[in-house]
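Before any comments, here is the structure.
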Protein chains: 2
Amino acid sequence: MSEGVEWAAHCCLLLAWLDQDRPVPTAKLAAGFELPPAYLNKQLQALVRAEILTSTPGPKGGFRLARPLSEITLMDVVTAIEGPEQAFRCTEIRKNGAGAATPERYFAIPCQLDLAFGAAELAWRKALAAQTLADVQAAAEANTPSLADNLKGWYAR
Amino acid sequence: MSEGVEWAAHCCLLLAWLDQDRPVPTAKLAAGFELPPAYLNKQLQALVRAEILTSTPGPKGGFRLARPLSEITLMDVVTAIEGPEQAFRCTEIRKNGAGAATPERYFAIPCQLDLAFGAAELAWRKALAAQTLADVQAAAEANTPSLADNLKGWYAR
DNA sequence: GTCGAATTACTCGGATATATAATGTCCGAGTCGGGCAGG
DNA sequence: CCTGCCCGACTCGGACATTATATATCCGAGTAATTCGAC
């Protein structure tokens with residue numbers, strides 16, 4: 001999986017912790033994680049297209065959350081960065097070679113291999129959709145309550 | 001995910017359906033699915049390293065199943081082709097930038113984002129491990145019982 | 001006719017190219033804030 | 001001193017390189033069957 005997913009999720013969490021009334025520019029987010037600013041910007045654009053963030057141009061512009069963390073699931077983030085298509089793509093090789101010489105009715109039912117992998121991937125997607133970024137935020141704060149203040153202090157520089 | 005997973009799984013199923021006492025060479029398997037022989041061979045080598053297939057060199061050589069389909073899970077096939085590492089790799093960017101200026105104790109607990117994605121991936125792996133290739137084979141034969149004979153006929157040419 | 005050894009053809013296995021996608025960089029369009037001149 | 005306009009700087013957004021990975025190919029090492037000759 002692309003590492004952009006990790007970057008995007010962390011940035012969403014950070015935006016919530018900072019809780020600024022003003023948007024946060026890419027440069028600040030990138031500095032906070034030591035990431036290449038221009039490339040991070042690309043990932044953030046994907047989040048904007050997915051309506052997870054909103055962007056505002058011009059001076060004092062930047063990105064902010066489009067909705068609270070409780071309404072952003074891990075599935076949303078993955079779909080925004082990786083796209084909607086399945087990881088396992090059935091190319092129907094069963095119909096090639098030997099398959100080309102078999103009657104059509106053999107392929108009336110879908111590829112059972114595709115179904116099996118599809119079922120597993122569905123379990124993955126459900127697990128991702130069941131967890132919101134608010135859950136992750138809460139879990140982190142349970143152990144380190146002062147985390148938000150600590151971050152605010154650093155970004156205020 | 002690499003398409004080699006699809007190829008590998010189909011080849012295992014085919015080897016079971018053909019049920020030959022002799023090994024089946026790469027060239028035949030590749031012809032049966034219209035796949036590039038040399039590259040398919042590479043994937044089959046990975047299955048040998050994972051001890052899913054056994055290979056025998058020389059004339060009349062080729063590949064055969066190392067154990068019955070009921071003892072080969074989809075997880076086994078994925079691990080053999082894709083490797084054992086997780087799809088989501090946490091690179092601990094929380095420790096960079098702003099993180100470098102925070103006390104060590106903040107990182108006593110693992111990255112909660114990694115845990116959340118890890119839980120989802122575990123669900124995926126469990127779903128894969130719960131399905132054997134024998135299950136897939138049975139599902140296919142339930143709808144097309146004559147499938148095995150049909151394939152044997154084609155490969156006998 | 002039978003046994004044995006050399007030969008030959010066939011197989012896997014890994015080293016070597018190519019294509020595609022992920023990663024990283026750069027520059028332009030747009031917009032807001034601040035400064036400056038005029039009233 | 002207040003108001004309006006102009007200029008400049010800062011931001012996102014997408015077009016353009018570069019690197020890593022997946023895909024595809026080729027050739028050599030090894031093995032077993034086969035053939036040929038000798039006994």
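Naming convention: chains lettered A, B, ... in sequence-line order (proteins, then strands); numbering from 1 in each chain.
- As rounded to whole Å, 15 Å separates atom C1' of D/dC12 from atom CD of A/Gln43.
- For A/Phe63, taking side-chain heavy atoms from C-beta onward, the closest of the listed nucleotides C/dG24, D/dC12, D/dT25 is D/dC12.
- In this structure, the CZ atom of B/Arg89 is 11 Å from the C1' atom of D/dA20, given to the nearest Å.
- Between the side chains of B/Asp76 and B/Thr79, no donor N or O sits under 3.5 Å from an acceptor N or O.
- Between the CG atom of A/Leu40 and the P atom of D/dT11 there is a distance of 14 Å, rounded to whole Å.
- A perpendicular orientation is assigned to the rings of B/Trp7 and B/Tyr39, their planes being inclined by more than 60° (bins at 30° and 60°).
- Qualifying side chain to side chain contact (heavy atoms under 4.5 Å, CB included) partners for A/Ala66, counting only residues two or more places apart in sequence or in other chains: A/Thr54.
- Closest of all the heavy-atom pairs between A/Lys60 and A/Pro23 is O-CD, 3.7 Å.
- Distance, B/Trp7 CH2 to D/dA22 C1': 10 Å, rounded to whole Å.
- Remark: the B/Glu6 side chain and the A/Thr91 side chain contain an N/O donor-acceptor pair separated by less than 3.5 Å.
- With DNA chain D read from its 5' end, the first of the two nearest nucleotides for A/Asn41 and A/Pro59 is the one closest to A/Pro59.
- An OP1 or OP2 oxygen of C/dC12 is reached within less than 4.0 angstrom by a side-chain nitrogen or oxygen of B/Thr26.
- You'll find that the side chain of B/Lys42 is closest to D/dA24, out of C/dG24, D/dA24, D/dT11.
- Side chain of A/Lys60, nearest nucleotide from D/dC16, C/dC26, C/dG33: C/dG33.
- Counting to the nearest Å, the P atom of C/dA21 and the CD1 atom of A/Ile81 are 18 Å from each other.
- One finds a side-chain N or O of B/Gln45 lying less than 4.0 angstrom from the OP1 or OP2 phosphate oxygen of C/dG14.
- Along DNA chain D, the nucleotide nearest to B/Ala38 and the one nearest to B/Glu82 differ in position, and the one closer to the 5' end is contacted by B/Glu82.
- One interatomic measurement links the two molecules: CG of B/Leu44 to P of C/dG14, which rounds to 13 Å at whole-angstrom precision.
- As judged by a 4.0 angstrom heavy-atom cut-off over every strand, A/Gly62 is placed among residues touching the sugar-phosphate backbone only.
- Proximity of A/Thr56 to the phosphate of C/dT31: no side-chain N or O atom is located under 4.0 Å from OP1 or OP2.
- Look at CZ on B/Arg22: it is 14 Å from P on C/dC10, rounded to the nearest Å.
- Out of D/dA15, C/dG13, C/dT11, the shortest distance to the side chain of B/Pro57 is found at C/dT11.
- Here the P atom of nucleotide D/dC27 and the OH atom of B/Tyr39 are 20 Å apart, to the nearest Å.
- The side chain of B/Arg49 contributes an N or O atom lying less than 4.0 Å from OP1 or OP2 of C/dG14.
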